[in-house]
S.K.: 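I have a structure here, written as structure tokens, and I will follow up with some questions on it.
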Amino acid sequence: MLMTKPTGTPSGLSTRAIHGRQIADPATGAVIPPIYATSTFAQSSPGHHLGFEYSRSCNPTRSAFESALAELEGGAAAFAFASGLAAEAVILELLEHGSHIVASDDIYGGTWRLFHRVRSESANLAVTHVDAADPAAIERAITPRTGMIWIETPGNPLLKLADLEAVGEIARRRHVLAVADNTFASPAVQWPLRHGFDLVIHSVTKYIGGHSDLVGGAIIAGDDADLIQRLAFLQNATGAILDPFSSFLALRGLKTLPLRMERHAGNALAVARHLEQHPRARRVIYPGLVNHPQHHLAVRQMRNGGGIVSVYIDGGEAETVAILERFRVFTLAESLGGIESLVGYPSKMSHGALPPEQKKARGIDDNLIRLSVGIEDVEDLIADLDLALG
């Protein structure tokens with residue numbers, strides 16, 4: 001990829017986020033890679049160019065972001081797409097028609113929709129959902145047709161964790177691809193590739209962009225030349241690439257990701273601890289709390305608990321909706337991972353695509369809310385929660 005910094009870059013997380021695989025723009029010396037708003041590039045003779053032909057295939061701004069993201073995830077290469085779901089759709093292109101996936105049961109509703117309402121019909125894809133917190137359940141679900149294990153950890157919206165090392169070992173031994181959606185944690189919190197995963201997915205819209213001003217997705221691959229070549233071909237062939245302006249914004253966001261995640265996680269832990277004592281909070285879910293059923297795993301494979309807190313409210317749908325309408329600092333909105341705090345209602349928003357029986361089976365009840373805790377002053381966030389909860 002473009003703009004690879006020579007060896008010797010310091011290994012600290014924040015330093016790598018700012019400097020990793022980046023050099024000054026070779027054309028002008030610009031410290032920050034500029035937005036190359038061009039569709040095509042001049043050639044001195046057919047096939048003779050400066051590494052760029054057409055911006056769908058490769059664009060300098062997108063390449064700079066991809067290189068920086070690969071560095072932070074510990075991957076060999078990254079590929080940026082127009083949305084997280086566009087990235088997921090490309091990963092599914094790696095599978096043969098009629099393949100089988102073993103997937104987490106705690107996953108984003110849009111991923112479930114892509115699996116069950118798109119690729120089940122267009123590619124005869126079969127998916128078995130299991131509790132990814134149980135590695136044995138993952139292994140039992142593997143069949144001769146299984147080509148991929150797909151997990152989200154922490155999961156969405158119930159923040160279940162999967163043991164990355166255990167799942168990576170199963171995938172290697174059973175010769176299937178291991179894919180981790182690392183959106184909720186981000187590459188400032190955990191690194192699935194270090195645990196034997198083949199691919200990592202991100203909704204760049206979330207923590208990586210970090211400012212709620214872009215939509216994007218990414219795939220990061222480990223050191224597998226064949227897999228990287230296939231992904232490069234698919235990115236170009238399917239064409240759902242991240243545009244130069246969004247790539248510029250995503251690279252800007254990536255550079256402050258470690259700093260922001262420290263604040264997100266610190267605020268989230270304070271919010272979760274406060275909610276534990278609140279009479280309207282029936283159950284508080286946050287990996288950084290010692291009462292999270294997998295807290296020991298969070299301590300082992302995550303730098304912190306992340307920025308998402310899920311809460312079951314004491315009451316039904318009407319009481320929960322009334323609470324959602326009373327927030328003033330938290331904004332009721334789709335998405336997560338921005339600098340501002342958001343509150344979501346999974347049963348009607350992020351997981352609205354799931355059939356009612358699926359929601360019930362997964363615990364996505366009408367009294368569940370999901371907090372994306374931002375980087376505001378935590379005292380203001382807690383006061384807003386108290387106001388909304390009453």
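None of these values were measured; they are calculated from a predicted model. Positions are given from 1 along the sequence. Side-chain atoms are counted along with the backbone in the values below, which use heavy atoms only and exclude waters and symmetry mates.
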S.K.: Does the side chain of Asp163 come under 3.5 Å of the side chain of Gln294 through a donor N or O and an acceptor N or O?
M.R.: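 Looking only at side-chain atoms, Gln294 and Asp163 do not form any donor-acceptor pair under 3.5 Å.
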S.K.: Examine the side chains of Thr183 and Asp181 and answer whether a donor and an acceptor come within less than 3.5 Å of each other.
M.R.: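 There is such a pair between these side chains.
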S.K.: Can a side-chain donor-acceptor contact be found between Thr111 and Glu88 if the only test is distance below 3.5 angstrom?
M.R.: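 There is such a pair between these side chains.
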S.K.: About how many Å separate OH of Tyr345 and CD of Glu317, when rounded to the nearest 0.5 Å?
M.R.: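 Reported to 0.5 Å precision, the distance equals 4.0 Å.
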S.K.: Assess the side chains of His202 and Glu73: does a donor N or O sit below 3.5 Å from an acceptor N or O?
M.R.: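 Looking only at side-chain atoms, Glu73 and His202 do form a donor-acceptor pair, the distance falling under 3.5 Å.
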S.K.: Look only at the side chain of Arg113 and the backbone of Leu354, and say whether a donor-acceptor pair between them is shorter than 3.5 Å.
M.R.: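 Here the side-chain-to-backbone pair does not exist.
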S.K.: Is a side-chain donor-acceptor pair under 3.5 Å present for Thr128 with His100?
M.R.: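 Side chains of His100 and Thr128: pair found under 3.5 Å.
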S.K.: Are a donor atom and an acceptor atom from the side chains of Ser212 and Glu340 found within less than 3.5 Å of each other?
M.R.: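 Present: a donor and an acceptor within the cut-off.
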S.K.: State, yes or no, whether a side-chain contact exists between Trp191 and Asn182 at a heavy-atom distance under 4.5 Å.
M.R.: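 Heavy-atom side-chain distance check fails, nothing below 4.5 Å.
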S.K.: Please state whether the rings of Phe115 and Trp150 are parallel, tilted or perpendicular, taking 30° and 60° as the class boundaries.
M.R.: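 Plane angle over 60°, so perpendicular.
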S.K.: Under 3.5 Å, is there a donor on one side chain and an acceptor on the other for Asn291 and Tyr286?
M.R.: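 There is no such pair between these side chains.
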S.K.: About how many Å separate CD1 of Ile313 and CG of Leu389, when rounded to the nearest 0.5 Å?
M.R.: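 Separation between the atoms: 5.0 Å.
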S.K.: Can a donor-acceptor pair be found between the side chains of Thr320 and Asn367 at a distance below 3.5 Å?
M.R.: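 Per modelled atom types, Thr320 and Asn367 side chains form no pair under 3.5 Å.
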S.K.: Any chance the side chains of Asn156 and Arg370 put a donor and an acceptor closer than 3.5 Å?
M.R.: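 Indeed, the side chains of Asn156 and Arg370 share at least one donor-acceptor pair under 3.5 Å.
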S.K.: Rounded to the nearest 0.5 Å, what's the gap from SG on Cys58 to CG on Asn236? Could you check?
M.R.: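 Here the interatomic distance stands at 9.5 Å.
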S.K.: How far does CZ of Arg282 sit from OH of Tyr312, to the nearest 0.5 angstrom?
M.R.: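 Rounded to the nearest 0.5 Å, the CZ-OH separation comes to 10.0 Å.
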S.K.: Assign the ring pair Phe41 / Phe52 to parallel, tilted or perpendicular, where the plane angle (0 to 90°) is split at 30° and 60°.
M.R.: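 Correct class here is tilted.
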S.K.: Scan side-chain atoms only and decide if Ser341 and Glu376 contain a donor-acceptor pair under the 3.5 Å cut-off.
M.R.: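 The answer is yes; a qualifying pair exists.
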